[in-house]
Amino acid sequence: MTVREATRRTEVRSGVVRWFDDSARDLPWRAPDRTPWGVLVSEIMLQQTPVVRVEPAWRAWLEQWPTPADLAQAPTADVLRAWGRLGYPRRALRLQECAKAIVERHDGVVPRTDAQLRALPGIGEYTAAAVLAFAYGKRSVVVDTNVRRVLARVVAGTALPAPSYTAAERALATALTPDGDAEAARWAAASMELGALVCTAKAPKCGACPVAGLCAWRSAGSPPDAHAGRRRTQAWAGTDRQARGRVMAELRRATEPVDRALLARLWHDPRQLDRAIAGLVEDGLAEQDDANRLHLPN
DNA sequence: AATGCGGGGGC
DNA sequence: GCCCCAGCATT
């Protein structure tokens, strides 16, 4: 790396962090009274669910289950109902399993090493890094969809990152992460926030960007996305996932086990509905009683 | 490397 | 309608 490149990286980091000092959102999982558990819960909820939808659910969740031990003891049906419409309800199951593992393996304390965090259900590379940085202020390389986009633009000069996360991106993010714990944690939060508020996927607000003058994508004339058109968005209408969602919504609403005849009214294709229900049972999101009625697990 | 997995909002 | 959102687990 040349001296010029090193200087530029320093300028990018300091610019983004200074911007963050003024522009950071006032999110509850960043408040001084937050707990590592609260941070972990926020990260699980934020896996593919936008901040605005997570915030009220997070507040209610932490009020009801303020510690891992509280969630570990809760009826799973209550957990799934509290998850509500956040989407991907398997995350709620994993979060409760995670709480149980924290109680059993770590005395109820959210672990503070990458290996221990990664060993917990529902926690992958991103979430482990995020908990280390945001709950414990430790250096870790935090790369979410926001950071990927910021680095793609500012450093790589492309409109958007490739569809899947590459080793090259990880290496770049690692090289850009400051050495010190506090500095690295600050950079992680700041780079994510820039992606969420300014360096957005559509219509980025380059006029408000602290590093617009350093941005490789801007310097290249803001070329369009090379992968445009090949980013097949997942189908929704008519899919098994939609059918599963319908069933789960009904099971959350119901106070008694639900007869399959009633569920049949939720979906036009009986075979697909059966498949969806079988999948939910397989995933542990629903259970069948002796009378073949469906209910949330207890 | 590619899939399956929810749901809602912005444009 | 299309695209995106603080991803993970499985194959």
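Every chain is numbered from 1, with letters handed out A, B, ... down the list of sequences.
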| said: Over all strands shown, is V51(A) touching base, sugar-phosphate only, or nothing at heavy-atom distances under 4.0 angstrom? | reply: base
| said: Looking only at side-chain N and O atoms, does Q47(A) offer a donor or acceptor that is under 3.5 Å from a partner on Y126(A)? | reply: no
| For the base of dG7(C), is there a side-chain donor-acceptor partner from T145(A) under 3.5 Å away? | no
| task | Could you let me know what dG6(B) is paired to, Watson-Crick or G-U wobble, both distances under 3.5 Å, or none if it's on its own? | result | none
| Would E250(A) and R253(A) pass as an ion pair if we require N to O under 4.0 Å? | yes
| query | When clusters are formed by joining ILVMFWY residues with side-chain heavy atoms under 4.5 Å apart, either directly or through shared neighbours, do W83(A) and L251(A) land in the same one? | reply | no
| said: If I take atom CD in residue E43(A) and atom C1' in nucleotide dC8(C), what distance separates them, rounded to the nearest angstrom? | reply: 13 Å
| Is it true that the side chains of Y88(A) and R94(A) contain a donor and an acceptor less than 3.5 Å apart? | no
| Side chains of L117(A) and V110(A): does their closest heavy-atom pair fall under 4.5 Å? | yes
| remark: To the nearest angstrom, the CZ-P distance between R25(A) and dC5(C) comes to 12 Å
| Is it the case that one hydrophobic cluster holds both W267(A) and V258(A), taking links as side-chain heavy atoms less than 4.5 Å apart, direct or via other members? | yes
| In whole Å, what is the span from the CG atom of D283(A) to the P atom of dG4(B)? | 14 Å
| message | Starting from V142(A), can I reach W187(A) by hopping between I/L/V/M/F/W/Y residues whose side chains sit under 4.5 Å apart? | response | yes
| note | Sorted by number, residues from residues 180-203 of chain A placing a heavy atom under 4.0 Å from DNA chain C are M192(A), A201(A), K202(A)
| query | Could you give the CD1-to-P distance, from I44(A) to dG6(B), as a whole number of Å? | reply | 16 Å
| field | Side chain proximity check, L273(A) to V247(A), heavy atoms < 4.5 angstrom | value | yes
| Hey, is E125(A) close enough to R170(A) for a salt bridge, meaning N to O under 4.0 Å? | yes
| message | Rounding to an integer number of angstrom, what distance separates dT10(C) and dG6(B) when you compare their P atoms? | response | 15 Å
| query | In residues 125-135 of chain A, what residues come within less than 4.0 Å of DNA chain C, judged by heavy atoms? | reply | E125(A), Y126(A), T127(A)
Just distance, no hydrogens or angles: give the donor-acceptor pairs under 3.5 Å from side chains in residues 66-77 of chain A, sequence neighbours left out.
from   : atom 1 : to     : atom 2 : distance (Å)
T67(A) : OG1    : A69(A) : N      : 3.4
T67(A) : OG1    : D70(A) : N      : 3.2
T67(A) : OG1    : D70(A) : OD2    : 2.9
D70(A) : OD2    : T67(A) : N      : 3.1
T76(A) : OG1    : Q96(A) : OE1    : 2.8

| request: Measure from CD on Q48(A) to C1' on dC4(C) and round the result to the nearest Å. | output: 9 Å
| request: Write down the distance between CD (E282(A)) and P (dT10(C)), rounded to a whole number of angstrom. | output: 12 Å
| field | Whole-angstrom distance between dT3(B) and dA6(C), as gauged at atom P | value | 24 Å
| message | Let me check something: do V150(A) and F20(A) share a hydrophobic cluster, defined by ILVMFWY side-chain heavy atoms less than 4.5 Å apart, either directly or through other members? | response | yes
| note | So, with a heavy-atom separation below 4.0 Å from DNA chain C, the residues of residues 148-161 of chain A are R149(A), L160(A)
| Within residues 237-254 of chain A: residues closer than 4.0 Å to DNA chain C (heavy atoms) | none
| Just how far, in rounded Å, is P of dA6(C) from CG of D144(A)? | 7 Å
| field | In one Ile/Leu/Val/Met/Phe/Trp/Tyr side-chain cluster, 4.5 Å: L95(A), V51(A) | value | yes
| query | Pick the nucleotide of DNA chain C nearest each of W29(A) and R118(A); which residue has the one closer to the 5' end? | reply | W29(A)
| request: Would you indicate what L27(A) reaches in the nucleic acid, counting non-hydrogen atoms under 4.0 angstrom: base, sugar-phosphate, or nothing? | output: base
| remark: What residues 80-106 of chain A contributes to the DNA chain C interface at heavy-atom separation below 4.0 Å is R94(A)
| query | Strictly by modelled atom types, are R30(A) and S42(A) linked by a side-chain donor-acceptor pair under 3.5 Å? | reply | no
| said: Do the side chains of K138(A) and D114(A) get close enough for a salt bridge, i.e. N-O under 4.0 angstrom? | reply: no
| query | Would the number of heavy atoms belonging to other residues, nucleotides or ligands and lying under 6.0 Å from CG of D107(A) be above 12? | reply | no
| field | Whole-Å distance separating the OH atom of Y165(A) from the C1' atom of dC8(C) | value | 14 Å
| Taking only N and O in the side chain of Q47(A), is any of them less than 4.0 Å away from OP1 or OP2 of dG7(C)? | no
| message | So, taking the atom named CZ in R244(A) and the one named CZ in R275(A), what distance separates them when rounded to the nearest 0.5 Å? | response | 11.5 Å
| field | Carboxylate-amine/guanidinium proximity below 4.0 Å for R59(A) and E55(A) | value | yes
